[in-house]
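Worksheet: one structure, shown below.
Proteins come first, then strands; the chains are lettered A, B, ... in the order of their sequence lines, and each starts at number 1.
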Amino acid sequence: MYNPKKIEKKWQRYWEEQDLHQAKDFSRKPKKYILIEFPYPSGKGLHVGHCRPYVALDIVARKARMEKFNVLFPMGWDAFGLPTENYAIKTGIHPITVTKKNTAFFKRQQKSLGLSFDWNREINTTDPNYYKWTQWIFLQFFKKGLAYKKKIPINWCPSCKIGLANEEVIDGCCERCDAKVTKKEKEQWILKITKYAERLINGLDKVDYPERVKILEKDWIGRGEGYEVVFKFKSQTSESINIFTSRLDTIFGATYLVIAPEHPVLEKLRPQIKNFKSVEKYIEKTKGKLERERIAKTKEKVGIRLEGISAINPATGKEIPVFIADYVLMHYGTGAIMGVPAHDQRDFDFARAYNLPVIEVIKPYSQKGKLPKKAYLIVSNGRFKKAYEGEGILINSGRFNGMESGKACQRIGDFLVQKEIAKEAVHYKLRDWIFSRQRYWGEPIPLIFCENCAAEMRKRVSKIKGRKPNKGESLNPGWITVPEKDLPVKLPRVKKYKPTETGESPLAEIKHWVNTKCPKCGGSAKRETDTMPNWAGSNWYYLRYCDSKNDKKLASSKLLRKWMPVDWYNGGMEHTTLHLLYSRFVYKFLWDIGIVPKSVGPEPYKKRTSHGMILGEGCVKMSKSKGNIINPDDVIKEYGADTLRVYEMFMGPFEEAIAWNSKGVKGARRFLDKVWKLKDNVNQKSRIKNQGFKKLVHKTIKKVSDDIEHLKFNTAISCLMILVNEIEKQENIPLKYYSLFLTLLSPFAPHLSEEIWSELGHKKSIFLHKWPKYDPELIEEETFTLVIQINGKVRDKIETNINISEKKAKKLALSQQKIKNWIGRNKIKKTIFVPKKLINFVI
RNA sequence: GCCGCGGUGGCGGAAUUGGUUUACGCGCACGAUUCAAAAUCGUGUGGGUUUUACCCAUGUGGGUUCGACUCCCACCCGCGGCACCA
């Protein structure tokens with residue numbers, strides 16, 4: 001009887017004792033770095049959804065080892081984070097204790113799946129020996145002037161008492177606790193990811209990522225090419241304002257300007273604004289609004305006109321009114337736009353509400369008298385129904401009339417640039433990365449604020465007491481870096497884990513920790529009490545695996561050169577715009593400053609794949625409230641880890657979401673039972689005479705090998721099943737073929753394969769055996785089924801020689817009675833012959 | 001609205017460059033085994049009809065082609081993401 005409980009533990013222990021999964025730092029074999037996103041060890045334990053990518057990449061790793069690659073397949077814990085902290089707040093248990101418990105739980109579960117991680121390189125982001133380097137990386141950002149502190153309105157979660165990055169706000173609510181997010185002005189550390197925007201886009205051309213991932217990242221970065229154009233205000237003031245547009249061809253149709261309510265120019269214009277009180281009120285009102293609300297799909301476009309202010313359209317020279325409106329955001333473009341009602345729907349709606357003139361400047365290309373589908377229509381009274389946003393031929397645009405949009409953009413651009421009214425510009429949707437959290441369970445930011453040094457810096461003393469300040473210190477007066485020898489800045493013990501009422505981190509209340517000496521002037525100073533977001537630790541973890549125990553460096557250049565880049569990185573689609581983008585940014589920075597050797601290249605991950613979610617039965621998300629959570633422990637208990645592995649790989653295409661089906665699990669177990677039973681029919685001496693069977697074996701080798709590389713585990717298993725069904729039919733199974741089959745099965749069902757392998761008398765582990773190679777000659781077929789079609793419909797099939805000539809095939813086909821009947825007295829107009837496939841008669 | 005992915009039996013899903021639609025598994029039915037059940041094994045299993053055979057079937061409607069799940073056009077539905085982005 002196949003009893004997984006008996007054998008699985010045994011082999012897991014054996015593999016560990018034999019150090020079978022250890023990546024070798026000193027080995028001449030070619031390396032393969034296979035990486036799977038490390039989990040956040042929540043208290044709930046492993047989800048069957050976790051298992052899917054784990055098992056998949058475990059299969060890839062096991063196969064690669066059998067192909068004699070030196071495989072690095074590591075695992076660790078992304079353990080800083082809110083759930084643990086919230087648990088600590090609730091229970092008073094220290095997050096360290098909770099993390100220890102959870103990681104032990106996760107690790108036990110992972111091991112019970114038979115995953116072949118190299119546990120020698122295990123890392124934990126909350127380990128001071130690890131976060132020492134997370135802090136060190138932050139210091140490098142700071143020193144290079146890529147970190148700055150700024151008072152900005154941040155997304156504020158009143159429940160978590162924490163600032164959130166835009167990316168963490170979902171539907172105006174906190175990603176984690178779902179509370180409604182408000183705005184709060186807060187000093188925050190910010191990393192200049194926008195400086196890398198261009199390179200983050202360009203780098204995508206060099207890597208093997210799914211197209212949808214590339215598109216998602218590109219859209220997120222949101223590169224917009226266009227022009228910044230200066231609009232002068234009329235006479236009363238010398239002030240002017242820059243607008244950004246990607247459609248300079250429509251500038252002759254710009255009949256008003258809209259400025260974001262936060263725009264600093266408003267303060268300067270104040271004396272001229274006659275209705276400043278109402279304007280101020282509007283600005284106040286905007287402050288209370290969430291960005292989500294401002295840009296929400298509302299019917300009305302509401303703004304307020306700046307009375308007494310008007311601007312000059314530099315193209316037409318005409319005077320146009322100026323508005324502020326909250327739908328224009330300060331952080332995109334220049335915070336101001338030109339309103340072109342005829343050719344932008346938002347502007348059109350706004351113009352209607354305020355009765356502004358609509359001037360048509362682009363005429364759609366006419367195509368054989370037909371207007372493009374989205375063309376505007378002029379109703380009889382001369383009013384537009386909707387804006388035409390497409391390209392076309394310019395009209396009402398002076399000397400540019402008759403030009404096509406694309407050309408016009410350039411020509412008008414050249415013209416305005418020459419007059420120094422415009423310049424080419426590129427803007428991005430991507431925003432700088434807010435890197436502060438006012439929370440406890442994160443890496444302390446290793447900076448110290450010194451009043452004394454700040455004062456000196458303001459007095460423009462370039463040298464503070466003997467040491468030249470770094471770029472970050474000059475940018476952020478008074479903020480002094482903790483010397484690298486003093487890292488890590490350890491997270492101190494606190495009594496209460498909850499942030500203070502004012503929203504400061506609980507660290508702010510530990511006076512003896514906060515109060516320290518300035519590393520520069522030696523005077524009294526205060527530590528930064530903010531901590532880093534939970535992505536800080538996960539942005540560079542794959543580098544640490546290369547050299548996880550190094551206490552001198554983040555990782556040695558030698559080992560980084562050895563293992564990097566990651567050859568294959570699998571993770572969730574949901575991490576595409578957060579973790580994946582951020583970690584590429586951090587990598588590029590570390591590469592720039594020479595921490596990662598130049599020879600490794602500018603991208604950390606050669607290939608990225610994404611797994612699909614596992615849903616509950618009936619295609620709904622698994623959740624406690626629905627009571628449909630499948631615990632992998634239970635499945636292993638009932639059927640064994642190998643069954644769970646085979647089932648999850650067989651259930652459907654790896655990259656697509658799929659629902660759990662408990663009956664399918666049984667099917668997987670049945671398959672393994674069958675494999676188990678077959679071992680009793682193995683005969684050392686028997687030989688296979690059947691050439692067809694040999695062919696099948698070699699075809700299976702090819703298919704399984706190819707399918708694993710392309711994540712097509714479901715079809716790989718299906719052809720293994722076909723082979724087993726065929727083996728079953730043989731009376732005596734030759735040892736050779738059964739062993740061969742086992743090696744193919746072993747990455748999928750490692751315990752069962754190892755057990756049978758040893759029962760068959762093999763002394764060494766099956767995983768030290770070579771991955772089989774197929775014989776290309778053997779998979780060549782000699783015969784094939786010739787499909788005979790009449791007018792494209794299958795009318796008959798006949799088995800024949802693979803190299804049959806067209807002439808012979810035709811003769812053979814026409815000799816079939818069925819075909820004779822079909823053709824009858826009809827004339828054959830045409831014959832199509834596809835070698836090794838079919839012959840088709842057109843009658 | 002835009003972007004991406006998808007729509008194939010009762011179900012999960014297979015199907016080189018357009019060339020045998022429904023592999024493999026589940027479920028179901030019948031049979032064997034059993035006192036009986038479970039398990040196991042065997043056989044069958046897209047729908048229809050006038051059943052030695054033919055017709056219809058890959059979301060819908062067109063098109064290209066000797067031939068379309070596959071390519072083109074239009075539309076419908078589902079999932080995911082983004083959304084007054086200038």
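- As judged by a 4.0 angstrom heavy-atom cut-off over every strand, A/Asn840 is placed among the base-contacting residues.
- Distance NZ (A/Lys666) to C1' (B/A39): 11 Å, rounded to an integer number of Å.
- Base orientation of B/U21: anti (glycosidic angle beyond 90° from 0).
- Residue contacts shown for A/Arg223 are absent, as no nucleic acid heavy atom lies under 4.0 Å away.
- In this structure, B/U17 forms no base pair with any nucleotide, since neither Watson-Crick nor G-U wobble geometry is met with both distances under 3.5 Å.
- Nucleotides B/U22 and B/G46 have their P atoms positioned 9 Å apart, rounded to a whole Å.
- Straight-line distance from the CZ atom of A/Phe784 to the P atom of B/U16: 19 Å, rounded to whole Å.
- Between A/Arg670 and the phosphate of B/U40, there is a side-chain N or O to OP1/OP2 separation shorter than 4.0 Å.
- Toward the 5′ end of RNA chain B lies the nearest nucleotide of A/Val794, the other residue of the pair A/Val794 and A/Thr245 mapping further downstream.
- If you check every strand for non-hydrogen atoms under 4.0 Å, A/Asp673 touches nothing.
- With both ends at atom C1', the span from B/G12 to B/G63 equals 34 Å, rounded to whole Å.
- Nucleotides B/U21 and B/U58 place their C1' atoms 7 Å apart, quoted to the nearest Å.
- Side-chain atoms of A/Ile221 and A/Thr194, non-hydrogen and from C-beta on, never get closer than 4.5 Å to each other.
- Residue contacts for A/Val328: at a heavy-atom cut-off of 4.0 Å it reaches a base atom on one of the strands shown.
- For A/Arg669 and B/G25, the shortest distance from a side-chain N or O to OP1 or OP2 is not below 4.0 Å.
- Side-chain atoms of A/Thr785 and A/Glu799 form a donor-acceptor pair, as typed in the model, at a separation below 3.5 Å.
- Residue contacts shown for A/Lys793 are limited to sugar-phosphate atoms, with no base heavy atom under 4.0 Å away.
- For the pair A/Thr715 and A/Ile722, both in contact range of RNA chain B, the more 5′-proximal nearest nucleotide belongs to A/Thr715.
- Between the P atom of B/A86 and the CD atom of A/Glu225 lies a distance of 12 Å, rounded to the nearest Å.
- Across B/U34 and B/A23, the matching P atoms stand 33 Å from one another, rounded to whole Å.
- Between A/Tyr647 and A/Tyr639, a ring centre-to-centre spacing not shorter than 6.0 Å is recorded.
- Under 4.0 Å is where a charged nitrogen must lie from a carboxylate oxygen, and between A/Glu198 and A/Arg223 at least one such pair does.
- Counting non-hydrogen atoms under 4.0 angstrom, A/Lys663 reaches the backbone sugars and phosphates but no base.
- Side-chain proximity of A/Leu329 to B/C54, B/A86, B/G19: nearest is B/A86.
- Residue contacts for A/Ile215: at a heavy-atom cut-off of 4.0 Å it reaches the sugar-phosphate backbone alone, with no base atom in range.
- For B/G67, the base is anti relative to its sugar; the glycosidic angle deviates from 0 by more than 90°.
- Of all nucleotides present, only B/G12 satisfies the Watson-Crick or G-U wobble test against B/C24, with each distance under 3.5 Å.
- In this entry B/G4 has B/C79 as its Watson-Crick or G-U wobble partner, both defining distances falling under 3.5 Å.
- Base-pair partner of B/G46: B/C56 (Watson-Crick or G-U wobble, both distances under 3.5 Å).
- A/Glu648 is listed as a side-chain neighbour of A/Val48, based on a closest heavy-atom distance under 4.5 Å.
- At a threshold of 4.0 angstrom between heavy atoms, the contacts of A/Lys214 with the nucleic acid are absent.
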Report task. Begin with the C-alpha distance, continue with both residues' side-chain angles, and end with the deciding distance and a verdict on side-chain contact (heavy atoms from CB on, under 4.5 Å) for A/Lys793 and A/Ile790. Result -> CA-CA 5 Å; A/Lys793 288 200 172 179; A/Ile790 307 269; 5.8 Å; no
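- Nucleotides B/G59 and B/C76 place their C1' atoms 7 Å apart, quoted to the nearest Å.
- Of the candidates B/G19, B/C3, B/C82, the closest approach to any side-chain atom of A/Trp220 belongs to B/C82.
- Among the heavy atoms of the strands lying under 4.0 Å from A/Asn714 are primed sugar atoms or P, OP1, OP2 only; no base atom is included.
- Closest to the side chain of A/Val834, from the set B/G25, B/A23, B/G19, is B/G19.
- Side-chain atoms of A/Lys837 and base atoms of B/U17 include a donor and an acceptor less than 3.5 Å apart.
- Separating the NE2 atom of A/His331 from the C1' atom of B/A86 is a distance of 13 Å, rounded to the nearest angstrom.
- Across all strands, A/Gly667 comes closer than 4.0 Å only to sugar-phosphate atoms, never to a base (heavy-atom distances).
- If you measure from atom CD1 of A/Ile259 to atom P of B/A86, you get 19 Å, rounded to the nearest angstrom.
- Taking the C1' atom of each, B/U64 and B/A74 are spaced 15 Å apart, rounded to whole Å.
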Query raised in the report: Given the rule in the side-chain hydrogen bond (donor to acceptor under 3.5 Å, both in side chains) test, do A/Glu262 and A/His331 qualify, once you have shown the distances and angles that lead to the verdict?
Result: CA-CA 10 Å; A/Glu262 304 92 331; A/His331 58 70; over 6 Å; no
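- Between the C1' atoms of B/G10 and B/C28, the separation comes to 8 Å (whole Å).
- Ion pairing of A/Asp673 with A/Arg669 is present here, as a side-chain N (NZ or NE/NH1/NH2) and a carboxylate O approach within less than 4.0 Å.
- Candidate nucleotides B/U20, B/G81, B/C3 were compared by shortest atom distance to the side chain of A/Val787, and B/U20 ranks first.
- If you check every strand for non-hydrogen atoms under 4.0 Å, A/Lys218 touches nothing.
- Atom NZ of A/Lys830 is separated from atom C1' of B/C66 by 6 Å (rounded to the nearest Å).
- With hydrogens and angles left out, the side chain of A/Glu211 and the base of B/G4 share no donor-acceptor pair within 3.5 Å.
- As a whole-Å value, the separation of A/Phe671 CZ from B/U40 P is 15 Å.
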Query - salt bridge (charged side-chain N to carboxylate O under 4.0 Å, His left out) assessment of A/Arg608 paired with A/Glu37 - result: CA-CA 11 Å; A/Arg608 167 84 178 183; A/Glu37 283 174 354; 2.9 Å; yes
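- When both distances must be under 3.5 Å, the Watson-Crick or G-U wobble mate of B/A32 is B/U40.
- Of the P atoms belonging to B/G62 and B/A57, the separation is 11 Å, rounded to the nearest Å.
- Set against B/A86, B/C3, B/G25, the side chain of A/Met721 has B/G25 as its closest nucleotide.
- One finds a side-chain N or O of A/Lys712 lying less than 4.0 angstrom from the OP1 or OP2 phosphate oxygen of B/A15.
- A donor-acceptor contact shorter than 3.5 Å links the side chain of A/Asp642 to the backbone of A/Leu752.
- Regarding A/Gln789, its CD atom lies at a distance of 10 Å from the P atom of B/G67, rounded to whole Å.
- Listed nucleotides: B/C24, B/G19, B/U20. Nearest to the side chain of A/Asn725: B/C24.
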